[in-house]
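Encoded as structure tokens, the structure appears first; notes follow it.
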Amino acid sequence: MLYNVRNYFLAMMAFFLPVLLANTYYIDDNGRSIEGYYFWGIDGRPLAELVMKSIMLSRGVVDIFPLNIILSCLVLAISFSLLRSFLEKYSIRSKWSFPLPLLITFNIFYMEPSYYRFDSITISLAIALSISTSVYFLKGKWDYLITTVATVATLSLYQTSVNIIMLLCVANAVLLAVKEDNLNGVIKPLAIKGLAVASGGAIYFLFVLPRFVIGNHGADHPEVNITSALSNLAANFISILNIMSSYISLNYGQSLLMSVFFLAIASCLFLGWRLKDKGFILRIFIILSPAICLILMLGVSLTLDRVLSSPRVYTSFGAMAYFCFAVFYISLPKSLKCASVICLPLLFFQLIVIFAYGNAMKAQDARNLQTLNAIGQAIGVSDAKIKVIFNGDYPYSSITRNTLNSFPEIGQLIPNYFTNWWWSFQFMRRNGYSYDFPSGQDASYAISALNICSDSEIKKEKDFTVYRKNEYALIDFSNSICN
């Protein structure tokens with residue numbers, strides 16, 4: 001097992017290498033790195049806050065990069081090793097099974113949270129805990145108790161990671177069904193897991209969430225609304241699948257998603273046909289498992305009152321990819337296990353995207369700092385009373401623009417720090433510019449209420465025009481707002 005942990009650790013370090021080289025601050029990092037606050041508990045993630053306080057020795061948050069990368073790689077490597085051990089316990093020990101667990105993280109949905117200097121630890125821990133919880137190493141009441149506690153812990157680290165537990169519980173139950181001749185040997189462990197996950201979910205939503213969540217739910221943190229979710233189930237299901245496929249590839253995402261899904265269907269149909277002596281119920285379970293896992297891939301995301309577009313919400317796609325290639329692997333005869341290498345092009349493609357994204361982020365970070373310095377020179381560095389309003393599209397670096405031409409799907413993952421939201425001003429503060437955030441005020445307000453086009457001080461720069469009036473400064477990247 002230690003051999004597996006070492007190899008998976010090295011594989012994950014290869015995944016994190018562009019993060020290490022880019023060395024950027026991603027959205028929330030801008031605030032935490034300069035103010036040292038926690039504030040995970042108020043988003044319903046109290047265990048994430050406890051973990052970070054333990055790492056920080058109960059002091060304020062400090063930037064510990066790249067320790068976050070090392071810890072993330074370690075916990076994921078341990079969970080991958082456990083998952084592979086379970087796979088080989090109910091199949092055949094083979095070197096060809098090694099790449100399968102990597103599918104869980106070698107994708108764009110885990111790529112985004114990996115760039116957080118602080119959240120990357122807790123989200124990686126949530127994924128690792130979900131993977132470890134899904135394997136059937138314990139039995140009876142102990143499995144129920146451990147799974148219940150792990151479910152509460154996973155939800156308290158990062159809520160949507162619980163989808164991975166549910167999905168992989170079914171995926172691993174398929175392995176049991178292939179080897180077990182007794183129906184009770186499959187249905188009972190799966191039922192215990194299902195009951196434990198439901199119990200853990202009930203404890204979290206009834207006791208943990210009301211205890212810690214404070215304030216209104218923002219756009220990125222919607223609340224659970226079962227009534228709304230049920231009435232819009234089909235629409236939400238299709239919307240989320242479209243979002244996921246667009247992140248996989250803007251042009252070929254749906255085709256790739258369908259191809260991997262149909263691989264699982266074909267593999268499970270073959271297993272159902274081959275295992276004629278297993279009994280009708282077990283064979284039906286195996287055949288229906290791809291459809292069950294597809295629904296569980298979306299899981300709790302379907303219960304929210306708004307559909308989210310952030311890729312980190314859908315890290316369960318990796319678990320679905322693992323399931324699809326794992327059932328293909330176990331359907332192969334011993335002499336053809338090497339055919340599992342058909343997953344390597346998918347891993348390699350995602351690795352190319354990850355490295356391209358890392359270089360684009362590094363180049364854009366340098367371009368953003370150049371733009372910010374130009375803004376500072378135009379409107380003044382020391383005057384913190386200035387309220388800055390942005391308009392238009394900010395300038396991309398040439399490297400970033402070229403990368404987006406090849407991989408347009410990552411465009412949404414490059415933060416815009418020159419728009420009217422809070423993190424723009426945290427980014428500026430981190431770089432020494434303490435301007436005021438004009439909450440709720442945009443270019444329309446500047447034109448109509450301030451009449452900024454008529455009697456303001458105007459400065460034309462290379463990439464933008466500055467309109468300065470009283471304590472306001474409008475930064476117009478379109479250079480045409482007052483024409």
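Please read all numbers here as calculations on a predicted model, not as lab measurements.
Considering CG of Asn107 and CG of Leu346, their distance stands at 8.0 Å, rounded to 0.5 Å. Between the OG atom of Ser130 and the CD1 atom of Ile165 there is a distance of 4.0 Å, given to the nearest 0.5 Å. Expressed to the nearest 0.5 Å, how far OG of Ser340 lies from NZ of Lys95 amounts to 10.5 Å. Between the CE atom of Met320 and the CD1 atom of Ile104 there is a distance of 13.0 Å, given to the nearest 0.5 Å. A distance of 11.0 Å separates CZ in Phe106 from CG in Leu344, rounded to the nearest 0.5 Å. A distance of 10.0 Å separates CD1 in Ile414 from OH in Tyr115, rounded to the nearest 0.5 Å.
In Ile265, the CD1 atom is crowded: over 12 heavy atoms of neighbouring residues, nucleotides or ligands sit closer than 6.0 Å. Residue Asn451 places its CG atom among more than 12 non-hydrogen atoms of other residues, nucleotides or ligands, all under 6.0 Å distant. A 6.0 Å sphere centred on CD of Gln254 holds no more than 12 heavy atoms belonging to other residues, nucleotides or ligands.
Judged by distance alone, the side chain of Asn30 and the main-chain N or O of Ile27 form a donor-acceptor pair under 3.5 Å. Of the possible donor and acceptor atoms, none in the side chain of Tyr329 sits under 3.5 Å from a partner among the backbone N and O of Trp96. Asn420 places no side-chain N or O within donor-acceptor distance of the main-chain N or O of Asp442, the cut-off being under 3.5 Å. For the pair Ser456 (side chain) and Tyr467 (backbone), a donor-acceptor distance under 3.5 Å is absent. Side-chain N or O atoms of Ser316 include one that pairs as donor or acceptor with a backbone N or O of Met297 at under 3.5 Å. A donor-acceptor contact shorter than 3.5 Å is absent between the side chain of Ser81 and the backbone of Ile78. Between the Asn4 side chain and the Phe80 main chain, no donor and acceptor come within less than 3.5 Å of each other. At least one donor-acceptor pair under 3.5 Å links the side chain of Asn373 to the backbone N or O of Leu369. Checking side-chain atoms of Glu49 against main-chain N and O of Leu157 turns up no donor-acceptor pair under 3.5 Å.
Considering only heavy atoms from C-beta on, Phe328 comes within 4.5 Å of Ile342 through its side chain. Contact check for Leu404 versus Ile410: side-chain heavy atoms found under the 4.5 Å cut-off. The shortest distance between side-chain heavy atoms of Leu76 and Thr105 falls below 4.5 Å. The shortest side-chain heavy-atom distance between Tyr110 and Ser124 falls under the 4.5 Å cut-off. Between Leu103 and Pro99, the closest side-chain pair of non-hydrogen atoms is not below 4.5 Å. Put simply, the side chain of Trp423 does not reach to within 4.5 Å of the side chain of Pro415, judged on heavy atoms. By the 4.5 Å heavy-atom criterion applied to side chains, Ile452 and Ile481 are not counted as neighbours. Between Tyr433 and Val388 the shortest side-chain heavy-atom distance does not fall below 4.5 Å.
Judged by distance alone, the side chains of Tyr25 and Asp365 never bring a donor and an acceptor atom under 3.5 Å apart. Of the N and O atoms on the side chains of Thr419 and Tyr394, not one donor lies less than 3.5 Å from an acceptor on the other residue. Side-chain N/O atoms of Glu112 and Tyr247 include no donor and acceptor closer than 3.5 Å. In the model, Asn368 has a side-chain atom that pairs as donor or acceptor with a side-chain atom of Gln364 under 3.5 Å. Residues Gln426 and Asp29 have side chains that never bring a donor and an acceptor to within less than 3.5 angstrom of each other. Under 3.5 Å, the side chains of Ser33 and Asp63 contain no donor-acceptor pair of N or O atoms. When only modelled atom types and interatomic distance are considered, Thr465 and Asn479 share a side-chain donor-acceptor pair under 3.5 Å.
Taking Tyr314 as the reference, nothing meets the ring-ring contact (aromatic ring centres under 6.0 Å, His included) condition, with sequence neighbours excluded. Scored by the salt bridge (charged side-chain N to carboxylate O under 4.0 Å, His left out) test, Asp463 finds Arg367 as partners (sequence neighbours excluded). Legend: residues meeting salt bridge (charged side-chain N to carboxylate O under 4.0 Å, His left out) with Lys469, ordered by chain and number and at least two apart, are Asp455.
Annotation: cation-pi pair Arg117/Phe65 present, NZ/CZ under 6.0 Å from the ring centroid and within 45° of its normal.
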For the pair Lys362 and Asn23, evaluate side-chain contact (heavy atoms from CB on, under 4.5 Å) and give the outcome as yes or no after the intermediate values.
CA-CA 7 Å; Lys362 184 177 181 180; Asn23 192 17; over 6 Å; no
Does the side-chain contact (heavy atoms from CB on, under 4.5 Å) test come out yes or no for Phe355 and Leu17, once each step is laid out?
CA-CA 8 Å; Phe355 274 74; Leu17 183 59; 4.1 Å; yes
Does the pair Tyr435 and Phe425 meet the rule for a ring-ring contact (aromatic ring centres under 6.0 Å, His included), with working shown?
CA-CA 7 Å; Tyr435 300 123; Phe425 292 82; 7.7 Å; no
Start with the C-alpha gap between Ser478 and Asn391, add the side-chain angles, then the distance that decides, and say whether side-chain contact (heavy atoms from CB on, under 4.5 Å) holds.
CA-CA 7 Å; Ser478 71; Asn391 179 68; 3.5 Å; yes
Hey, mind stepping through Tyr472 and Ile379 against side-chain contact (heavy atoms from CB on, under 4.5 Å) and telling me if it holds?
CA-CA 10 Å; Tyr472 285 89; Ile379 65 176; over 6 Å; no
Between Tyr8 and Phe98, does the ring-ring contact (aromatic ring centres under 6.0 Å, His included) criterion hold? Intermediate values first, please.
CA-CA 9 Å; Tyr8 281 125; Phe98 176 80; 4.4 Å; yes
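Note on ring orientation: taking the six-membered ring where Trp is involved, the planes of Phe464 and Phe477 are perpendicular (angle over 60°, cut-offs 30° and 60°). Ring orientation note: the planes of Phe390 and Phe418 are nearly perpendicular, at an angle over 60° on the 30°/60° scale. Using a 30° and 60° split on the angle between ring planes, Phe39 and Tyr37 fall in the parallel class, below 30°.
Residues Tyr322 and Leu168 approach most closely at CD2-CD2, 3.7 Å, considering heavy atoms. Scanning both residues, Phe9 and Ala77, for their nearest heavy atoms gives N-CB, 3.5 Å. The shortest heavy-atom contact between Cys324 and Ala264 is SG-CB, 3.6 Å. Thr400 and Ala360 get closest at one heavy-atom pair: OG1-O, 2.9 Å. Counting all heavy atoms, side chain and backbone alike, Gly299 lies closest to Asn163 at CA-OD1, 3.3 Å. Shown here for Leu209 and Gly44, the closest heavy-atom pair between the two residues is CD1-CA, 3.8 Å.
Each of Tyr357, Tyr116, Phe427 was evaluated against Tyr26; a single residue qualifies, Tyr116, per the ring pair (Phe, Tyr, Trp, His ring centres under 6.0 Å) test. Applying the side chain to side chain contact (heavy atoms under 4.5 Å, CB included) test between Thr154 and each of Ile164, Leu47, Val197, Leu129 identifies Leu129 as the sole match.
The existence of a salt bridge linking Arg45 and Asp119 is confirmed by a sub-4.0 Å separation between a basic side-chain nitrogen and an acidic carboxylate oxygen.
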